[in-house]
Amino acid sequence: MGNRSTAIAILFFLVTIFLVPAAYAGAADWLNPAKHASGGEDLEKAKGDYMLNCSMCHGENGDGKGDLADSLSVPPRNHTDATYMSSKTDEDLFNAISGGGASVGKAEDMPPHSTILSKKQIHGLVKYLRHLCNCQYKKK
Ligand code: HEC
């Protein structure tokens with residue numbers, strides 16, 4: 001074998017051991033539905049939904065100080081208050097977002113969203129609220 005074909009053989013060998021597994025891993029990632037259903041991408045979508053539908057009352061960072069807050073009869077919930085937020089289950093949050101304040105015994109200033117957001121989007125928002133409070137439900 002000449003130098004040239006040795007070099008080509010080595011190159012071919014390197015491509016095989018590095019690139020082929022990398023391509024496989026990429027494809028496996030892409031085919032795995034769990035990778036789509038969770039993680040950063042979903043949180044980014046939920047953040048978009050939050051900015052469009054919630055931030056004008058609850059504030060862009062969830063502190064309850066949105067532009068409309070002062071015009072409401074009840075202050076919007078501060079989603080960064082981990083003590084309060086951890087007293088609520090994910091289901092409580094889902095129901096409040098979906099059915100609105102009046103449906104869960106709270107002020108009707110909190111509007112229902114079941115007709116404008118899908119269940120998937122509302123589940124995403126619950127996750128996003130958990131991200132804002134950096135908390136989970138804690139049983140008392
Ligand atoms: C028009 C203003 C307004 C908009 C828009 C709004 N909210 Fe609210 N929200 C409120 C107010 C006011 C309350 C407080 C109700 C109370 O304490 O009686 C509230 C309460 C809540 C609660 C209930 C917390 C608890 O005490 O159980 C959740 C969860 C919530 N909002 C999430 C959202 C999300 C998510 C969105 C966007 C999809 C949103 N809100 C949009 C005004 C708003």
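Atoms within each ligand, like the ligands themselves, are counted from 1 in listed order.
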Worksheet item: Does the pair Asp90/Arg130 count as a salt bridge with the N-to-O cut at 4.0 Å?
Response: yes
Worksheet item: Given side chains that start at C-beta, do those of Lys140 and Ser87 come closer than 4.5 Å, heavy atoms only?
Response: yes
Response to the item:
atom 14 (C) of ligand 1 sits nearest the protein heavy atom Pro75 O, 3.7 Å
Fill in: disulfide (SG to SG under 2.5 Å): pairs with one or both residues in residues 44-91, sequence neighbours excluded
none
Worksheet item: With atoms numbered from 1 as shown, which atoms in ligand 1 lie under 4.0 angstrom from a non-hydrogen atom of Leu93?
Response: 29 (C)
Practice prompt. Identify, for atom 12 (C) of ligand 1, the protein heavy atom at the shortest distance, and state residue, atom and that distance.
Written response: Val74 O, 3.3 Å
Worksheet item: What residue and atom, counting heavy atoms only, is the protein's closest point to atom 25 (C) of ligand 1, and at what distance?
Response: Tyr84 OH, 3.1 Å
Worksheet item: Of the non-hydrogen atoms in Gln121 and Ile116, which two are nearest, and what is the gap between them?
Response: OE1-O, 4.2 Å
Worksheet item: So, do Met110 and Arg77 sit near enough that their side-chain heavy atoms are less than 4.5 Å apart?
Response: no
Fill in: Listed partners of Cys135 passing disulfide bond (SG atoms under 2.5 Å apart), at least two apart
Cys133
Worksheet item: Under 2.8 Å from atom 8 (Fe) of ligand 1, which protein N/O/S atoms are there?
Response: His58 NE2, Met110 SD
Worksheet, complete the sentence: Closest to atom 28 (C) of ligand 1 among protein heavy atoms sits His79 CE1, 3.8 Å
Worksheet item: Is the closest side-chain donor-acceptor distance between Thr80 and Asp63 under 3.5 Å?
Response: no
Item to complete: Provide the full list of ring pair (Phe, Tyr, Trp, His ring centres under 6.0 Å) pairs with a residue in residues 94-134, sequence neighbours left out, each pair given once.
Response: Tyr50-Tyr128, Phe94-His123, Tyr128-His131
Worksheet item: When you measure from atom 5 (C) of ligand 1 to every protein heavy atom, which one gives the shortest distance, and what is it?
Response: Asn53 O, 3.3 Å
Discussion item. If only side-chain N and O atoms count, and only distance matters, is there a donor-acceptor pair under 3.5 Å linking Asp92 with Thr89?
Written reply: yes
Item to complete: Just go through Gly66, Ser73, Ala107, Gly124 and tell me whose heavy atom is the nearest to atom 16 (C) of ligand 1.
Response: Ala107
Fill in: ligand 1 atoms in contact with Leu125 (distance to a heavy atom under 4.0 Å)
38 (C)
Practice prompt. Could you give me the CA-CA distance, side-chain angles and deciding distance for Leu129 and Ile97, then say whether side-chain contact (heavy atoms from CB on, under 4.5 Å) is met?
Written response: CA-CA 11 Å; Leu129 297 187; Ile97 301 167; 4.0 Å; yes
